[in-house]
Each structure stands twice: as structure tokens, then as C-alpha cells.
Amino acid sequence: MQLDHLGDFQRSHRNGELRLGDAGTTVRLLGWVRKVRDLGSLIFLDLRDRWGVVQLRLDTADADPVLLAKVRTLRSEFVIGAEGVVLERESKNPNLPTGDIEVRLSAVRVLNTALTPPIPVEDLEGNEANEDLRLKHRFLDLRRESLQKNLLLRSHAARVIREHFHEHEFIEFETPILTKSTPEGARDYLVPSRVHAGEFFALPQSPQLFKQLLQVSGFERYYQICRCFRDEDLRADRQPEFTQVDVEMSFVRQEDVQGVLEPLMVKLAKLVGKEVATPFPRLAYADAMEWYGSDKPDVRLATKIQDVTPAFAESGFNLFRAAAESGGQRRVRALFFEGEAAGALSRKQLDELGEVAKHLGAGGLPYVKWGKDGLSSSFKKFVEGEAEAALKAALGASGEGLAVFAVGTDAQTSKVLGELRLRLGRQFGLIDESRFAFLWVVDFPLLEWSEEHARFVACHHPFTAPHPDDLALLESDPGRCRAVAYDLVLNGYEVGGGSIRIHDAETQGRMFRALGIGEAEARAKFGFLLDALSYGAPPMGGLALGLDRLAMLLCGETSIREVIAFPKTAQARCLMTDAPSPVDDRQLKELHLLEEKAQTYRVGAVFFESAEGGNPTLRAEAVQHLSQMTPRQASGLVTLDDQGRILDAQTLNGPTFEF
RNA sequence: GGGGUUGUAGCUCAGUCGGUUAGAGUGCCAGCCUGUCACGCUGGAAGUCGCGGGUUCGAGCCCCGUCAACCCCGCCA
């Protein structure tokens, strides 16, 4: 099809901005054909651009035949320039901002055609293709209004963030993407060095150390919106590359950092019409685990986990009584959901919950239900009579409702009840989805024992300051030492995390020792940091926000892929570019990743000698190619293995023969 | 690394107990249509039932393997 040139055609208006007041004006518009509605002697076209949609009209009876023929060829997603007069519509469309007017076509330029899209581009209910197809054709998927809206909102959020930090005199920095691998934390993405055989850069898991060093340099307030990389398995709210809003400040306490972040959250919430009050609630990590079974509780749900161990001290139910007799090693913890809905849960639904509990490591799901037909329970004979009253008192239960129990160590019971709390809360409609519930979880433990590494590892990172009251515990009882670390939680998602840092070399050395990192290793891995801390490092602290998660929650989405233009799949693949992909052996050799076993020969006599034992067909082809080569090409290399077979035969064969 | 869900027309899905020629909606193509805007009406084309193997007289359906997407556990300082 013959395409028109853009030429001198210039847009006079954006499609979404035309109103009744523009009636009578001749306009020039650009965009994509969303839809053609051909009524016979009347043709309507919807023209879409970034800013909206407007209806174009052509009356076939009095139309220029050339224009009519051209318009009849238009299909969805064609790119056109349209010229015409704005007119008030005969029948208006109240669902469209431009619904009062239409543009009567006088000229059209077809700037490009389009194949029939493999996925729907129109953003209708139930019109969404499978995600793998959407990701493969992401450039089309991104034409959809909902994704355009999400990415626009993300852009607005980023702008608000930048403005906020600039208002507060933060300085924006760029830090290296090619940096040093660190022993702690997530797996690194590694980048081989061509110049230094056998050595590697790592992509940053975060700019943590650089932002601290910038404080040592005296910049006092740093921020950056930066990409971070972690080679770990994915989730709906986790990608291998993600964006952090990275913040660091000098001469601050935890409260100062929080004081800068809270008003920013208020502004961001306002972008989507949510009011949030400051200061945000502070919740100690220990309380979060005790009440919500999670270090990122969704506090829109009021239901809390309760300790009911004492209620079973005399019980005939051995499983629970044993826990009561374990001296605190094991406890019986419970969730109680009051109400008819909870009391009416069917046997099947309870079985399903039991499966969930098993999946999370519980043996099963003991429950007690007070419904229409009275009491039912998986351990009914132990909760009848006096025991029932005692249990109700312990749970604070009066009417109908459901109690579910978990028994075991705190870690075990928190995991099970933390998950069931959310699941049942959602099921019973106890969560106000319209709310934004921010809170700070504080007083995280500094270290936790890792069975895998048989040593303590940092809960946050190795540069987190120990709580001043717990400093002595660093050597005596590291597991009980608290950190000055804080997470910002929104609706059950960790949207940020930070800490006050260690700012003196001596404490940093103690921390490394507690982590089992020896003097020599600390020197090799973090020598520059220890040096920096020895030259007058200020007290400092900061935080990093997960911009993807934040954007996701602002957009009301449940996956960060909906707020990332080109996301990866759960298997860390890009379905559009097909990355990662194999690379040429030549690249691998250059990077010293593939051992150079093969011999290389100058083309010429040596080549023919070495090819003696080789494949005759390939050799013939090679000879053919060589005879056609210019001297310059022939001075290149041909690769043979030690049997004289041509390793690079494909290059000799292929259409892109290059030396 | 482990568990679960899904895979049938371009797209979204249905497909009964294993039984004749695998259907619907939508999109696409063609014709008709003067106020549509999820236009309407009529007709048409469109299938590697993810892939490989097995069971069976016979497999979209059952079994084994495998691939991919999604969700979860582990992991993610």
C-alpha cells in the first residue's frame, strides 16, 4: 500500500482536548485508528493519541472519491494524519470527553499500515490476553489505556519524588553500575571483564556503600532513583532488576529519616486521591511478629494473633498441652474471626484451609467453630463443657465465629497464622481495600542465625548500626541484638527499608567479626569502606524505597509487571527480546569464559595442511570461499580444532562472512 | 530446588462417560446499511487441541515425560 509522507503536516491539537468551543476550527490531528465504523454512506473513525480519542466523520455521498477510497482502506492501528473541521455532533457521546464534537474529514495521510494485532489493543473488560502473549508483544500491550495510565502515574510519582527531595536540598547522584561483588546478601549478576582475565564486575544489588561514602565526602543529603539487580527467584512483586529510590542523610536519627519520608508518602497517596495521616504508626518487629505473624503486616485488618497457650495447660488435648509444658519453646497461637460468615465456613472450606496450613509447614489446621448448629471442632472432645467456656474467654469470643490454631515454635506458628490471617480476612471482607495503611516496623534484629551458612547473617545488611542499648550483645548474644533498622510498610507490602549505619571503623570491625568475616576478608571486600570510616565519617542513615511496588500500590495493581514497561517473566526472561540468549563463542573467548582449546591458523598453506583430516565437503566449501576472498579478508583467522576440523565452518558457510 | 494452576481458531474460552465432521463469543475478510461510538444485519475463511511418547478398536479427554506462562514455598543482606 502506498504510504503518505508526514511532510509539512503538523498537529494543531491533541485528540483528547477538542471540545464544543473548538467547533468551526479546522484541525490537523495525528494518531492511531482505534476503530472504524462504516455505516454505508457514513463512516466514523476513532483516532487515538497519548491524550485521548476523537471521532472523525466522513459522509460518503459528497466526499472526494480519492479521499473516500483512502478512508475505506483504513484499518485498526493504522497511523494517520487527519485534517478536518470540528463540528458539534448530531448524537453526542457522554462517555467520551470529546463526545460533543467530531471532526469532519477533509484530508487524510496514511503514515503507516498495521497488521491485525495478535492481542487486543482496546482496553475492554475481559478483553485481556494471556500474559505471555502480552509480554511478547509488549509494544502493543503498552498501547492499552490501562498500562498507559499506570506508566503515566509512575512517571508522575517519580517527578513528585524528585521534587520532594530537591525541596529538602538532597543532591541527586549517579553511582556505578559496574561495581564490586559483595559476599553478603543476594546473588549478584556478574559481568566478566575482558581486560582482566578471570575477573568480574557485579551489578549493584543497591548503591548502599556508595551512598555511605558520599556522606563521608560531606554531601550530607543524597538521593537517586536507580536500578538495582538481584539474581534471585521472582515473585509478583519482585523482578531481577528493579528500581529503588535510594536516600542517605548525615547527622540523623531514625526519626529524621522517617520525618523526610512521611510527607513524601502523603504527597504520593494524594496523587491517587488517598488521605493518609502522619506520623505513621511505629510497630516493633517483635510485636509485628506476635500480633500479625509478619514483618510487613497489613494493618487494614484489625484481627490479631493471640497466644492461647495457657488455656491448654490442663487440656486433655496432648498436642496443645505439650506445648504449654514446653516452657515457652512451643506455643499455641490462634486467630479468632467473629461473625456469621466465619461460623458458617463449610467442612470443605476448612479442609482447603488445612491444606494451606500444611503447605506452610503445619501438621494440619486445628479449628473450633461456633456456627448456627453450635460447636464443631477438629478436637471437639477436648473443647466441650468447661473447656469451651475457658477457650472462649481466652479468645475473647462470644457469638458465632471461627478460631484456627497453630502450635509450634514462634517462627512456625507466625508463618501459618500470618498467612491465614490475610486469607481469611480477605475472604470475610474485613479489609477496606480503599485505604492506604502505612506503618513503620522498627527494632529489627541485627543478626539471625543461618543454618545454611552455619553463622550469623545480617538481617538488613552488614553496615546497619546495632541498637545503642544492645551494643554489648554483639559479642555475648548476637541473636538478641537489635538494629536501628526500619521498614516502611503499606497494606502488607514492604515498600521501603533503611537503617542508621555504622559510622566508625571499630564498630564495623565488631560487626564483621559477629558475621564471621575475618580481618583479611573484610580488608579484601570492604577495605575502602573501613578506610573511609577511619577518616571522619559522620553519623548517617537512610533508606531505600521500592519504586515498582510503590507504583503498583498507587495503581491498585497486584503485580509490578503492570507498572514496568518491559518486565521479565517469573523465569527471569524477556519474552519480547528473548533475553537472555546464547552468545557467540568468539565473545566468550574474548571474555575468557571459554577456554581457547582450538588452534588458530593464518589462512594459507598451514590451513590446508591442518585441514587434511577434516570433513572433505567443508574443506571444499572453505576452498571455494577462500578463492573468492580479497587479500584483506584472507588475512583473517580460520579456527580449527586439533584434528584439523573446521570449527568456524558456519562462518565460512554463512551469509555474513566477515573477518 | 520444591508444590500448585493453566495451555483447544488471531484473541478469550466451552468441549459431558474416551466414540461420527472439535464448538461459541470476539477479531479478521466480503457484501449490505445515514448518527454509530462494544454500531447493526448477512455470509465466509480460520485448528500441529503446547510438544514427545504410551494405553486403547478409537485420545482434545486417560497415563508418562517435556516445554512455557502464572501463583506460592525455599531464596530475596
Side-chain angles (χ1 to χ4, degrees), chain A residues 34-47 53-62 72 75-77 87 89-96 98-99 102 115-137 140-141 182-188 205-206 208-209 228-240 242 352 355-356 358-361 415-416 419 423 444-448 450-453 456-464 483 485 494 497-499 511 515 517 544 546 558-559 561 568-573 575:
Chain A
R34 189 179 75 164
K35 192 91 184 171
V36 183
R37 290 180 297 278
D38 185 346
L39 272 61
S41 45
L42 194 55
I43 301 173
F44 295 109
L45 292 162
D46 290 338
L47 189 66
V53 172
V54 71
Q55 177 168 284
L56 312 178
R57 192 191 88 194
L58 187 70
D59 300 85
T60 56
D62 53 2
R72 288 228 192 262
R75 297 288 181 272
S76 292
E77 303 308 317
L87 296 171
R89 281 204 205 182
E90 215 167 286
S91 47
K92 298 178 177 174
N93 183 351
N95 302 319
L96 213 59
T98 59
E102 63 197 354
L115 298 174
T116 302
I119 56 170
V121 172
E122 232 184 319
D123 215 356
L124 297 168
E125 194 70 25
N127 204 15
E128 201 167 83
N130 275 330
E131 199 161 3
D132 47 347
L133 280 165
R134 292 180 50 206
L135 291 176
K136 184 167 161 58
H137 308 281
L140 288 177
D141 196 34
T182 53
E184 297 286 302
R187 269 187 287 270
D188 286 319
Q205 296 178 27
S206 86
Q208 183 60 39
L209 291 170
C228 304
F229 308 85
R230 294 178 190 174
D231 188 6
E232 296 292 345
D233 290 335
L234 278 57
R235 289 287 188 280
D237 63 348
R238 258 162 43 191
Q239 289 265 304
F242 58 99
E352 280 167 10
E355 285 306 311
V356 173
K358 278 184 191 166
H359 200 72
L360 294 167
K415 189 171 164 188
V416 173
E419 171 65 27
R423 193 175 279 256
F444 276 80
L446 183 69
L447 304 161
E448 64 186 340
S450 162
E451 290 296 338
E452 188 196 334
H453 298 97
F456 281 101
V457 294
C459 287
H460 187 53
H461 56 57
F463 322 108
T464 304
E494 180 197 328
S499 63
M511 180 68 171
L515 290 168
I517 299 176
T558 53
S559 162
R561 290 187 299 275
K568 307 264 187 292
T569 69
Q571 300 305 311
R573 206 169 252 298
L575 295 181

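Lettering of chains follows the sequences in order, A, B, ..., and the numbering in each one begins at 1.
Nearest heavy-atom pair, A/A572 versus A/L234, reported as atom, atom and distance to 0.1 Å: N-CD2, 4.0 Å. Pairing each heavy atom of A/T464 with each of A/M511, the nearest pair is O-CE, 4.4 Å. Minimum interatomic distance between A/A236 and A/R561 (heavy atoms only, all atoms of both residues): CA-NH1, 4.4 Å. Taking every heavy atom of both residues into account, A/D231 and A/D188 meet most closely at CB-O, 4.0 Å. Between A/A186 and A/Q205, the closest heavy-atom pair is O-NE2, 2.7 Å.
Contact annotation: A/N130 side-chain N/O to B/U12 OP1/OP2 distance is under 4.0 Å. The side chain of A/K415 places an N or O atom within less than 4.0 Å of a non-bridging phosphate oxygen (OP1 or OP2) of B/G74. In this model, the phosphate group of B/U34 is approached by a side-chain N or O of A/S41 to a distance below 4.0 Å at OP1 or OP2. Contact annotation: A/R134 does not reach the phosphate of B/A69 (side-chain N/O to OP1 or OP2, under 4.0 Å).
Between A/E448 atom CD and B/C76 atom P there is a gap of 8 Å when expressed in whole angstrom units. Atom CD in A/E128 sits roughly 23 Å away from atom P in B/G25 (whole-Å rounding). Atom P of nucleotide B/A69 and atom CD of A/Q239 are separated by 12 Å, given to the nearest angstrom. Rounded to an integer number of Å, the gap from CZ of A/R235 to P of B/C71 is 9 Å. In this entry the distance linking CG of A/L96 with P of B/C37 reads 13 Å, nearest Å. When rounded to the nearest whole Å, the span between CG of A/L234 and P of B/C71 equals 9 Å. The separation between A/E452 atom CD and B/C76 atom P is 7 Å, rounded to whole Å. Separating the CG atom of A/N95 from the P atom of B/U36 is a distance of 13 Å, rounded to the nearest angstrom.
For the C1' atoms, the distance linking B/A24 with B/C70 amounts to 26 Å, nearest Å. If you take atom P in B/C49 and the same atom in B/U8, they sit 11 Å apart, rounded to whole Å. B/C29 and B/U21 have their C1' atoms separated by 24 Å, given to the nearest Å. Comparing the same atom, P, in B/C11 and in B/G19 gives a spacing of 27 Å after rounding to whole Å. When the C1' atom is compared between B/C61 and B/G50, the two are found 16 Å apart, to the nearest whole Å. Atom name P, nucleotides B/C17 and B/C63: the rounded distance is 14 Å, in whole Å. B/C41 sits 14 Å from B/U36 when the P atoms are compared, rounded to a whole Å. Comparing the same atom, P, in B/G25 and in B/U6 gives a spacing of 25 Å after rounding to whole Å.
Backbone-only contact: A/R561 has heavy atoms under 4.0 Å from sugar-phosphate atoms and none from a base. Nucleic acid contact for A/P462: base, since at least one base atom lies under 4.0 Å from a heavy atom of the residue. Contact annotation for A/E90: base contact, defined as any heavy-atom pair under 4.0 Å involving a base atom. Nucleic acid contact class of A/T116 (heavy atoms, under 4.0 Å, all strands): sugar-phosphate only. The residue A/S206 sits close to a base: some heavy atom pair falls under 4.0 Å. Across all strands shown, A/I43 has no heavy atoms under 4.0 Å from either base or sugar-phosphate atoms. Here A/K92 lies in heavy-atom contact (under 4.0 Å) with a base.
Residues A/T569 and A/D132 have side chains not in contact (no heavy-atom distance under 4.5 Å, counting atoms from C-beta outward). Looking only at side-chain heavy atoms (C-beta outward), A/R134 and A/E128 come within less than 4.5 Å of each other. No side-chain heavy atom of A/E452 sits under 4.5 Å from any side-chain heavy atom of A/V457.
A/R238 contributes a side-chain N or O that forms a donor-acceptor pair with the base of B/C75 under 3.5 Å.
Summarising the geometry, atom CG belonging to A/D237 is positioned 8.5 Å from atom OG belonging to A/S559; distances are rounded to the nearest 0.5 Å.
Listed nucleotides B/U36, B/C11, B/C70 differ in distance to A/R89; the shortest reach to its side chain belongs to B/U36. If you check B/C75, B/A69, B/U12 against the side chain of A/L575, the one that comes closest is B/A69. The side chain of A/L133 lies closest to B/C11, out of B/C11, B/C71, B/C73. With B/G35, B/C75, B/C28 as the candidates, the nucleotide lying closest to the side chain of A/S76 is B/C28. Side chain of A/R75, nearest nucleotide from B/C75, B/C29, B/G10: B/C29. With B/C76, B/C73, B/C70 as the candidates, the nucleotide lying closest to the side chain of A/L135 is B/C70.
Mapping A/A186 and A/R573 onto RNA chain B by nearest heavy atom places A/R573 at the nucleotide closer to the 5' end. Residue order along RNA chain B, read from the 5' end via each residue's closest nucleotide, puts A/P120 first among A/R57 and A/P120.
The partner of B/G65 is B/C51, judged by Watson-Crick or G-U wobble contacts that both fall below 3.5 Å.
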Report all interatomic pairs (protein N or O, nucleotide N or O of nucleotides 39-42 of chain B) with separations under 3.5 Å.
residue : atom : partner : partner atom : Å
B/C39   : OP1  : A/K35   : NZ           : 3.0
B/C39   : N4   : A/D38   : O            : 2.6

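Checked against side chain to side chain contact (heavy atoms under 4.5 Å, CB included), A/R37 has the following partners two or more places apart in sequence or in another chain: A/K35, A/L39, A/F44, A/D46, A/Q55.
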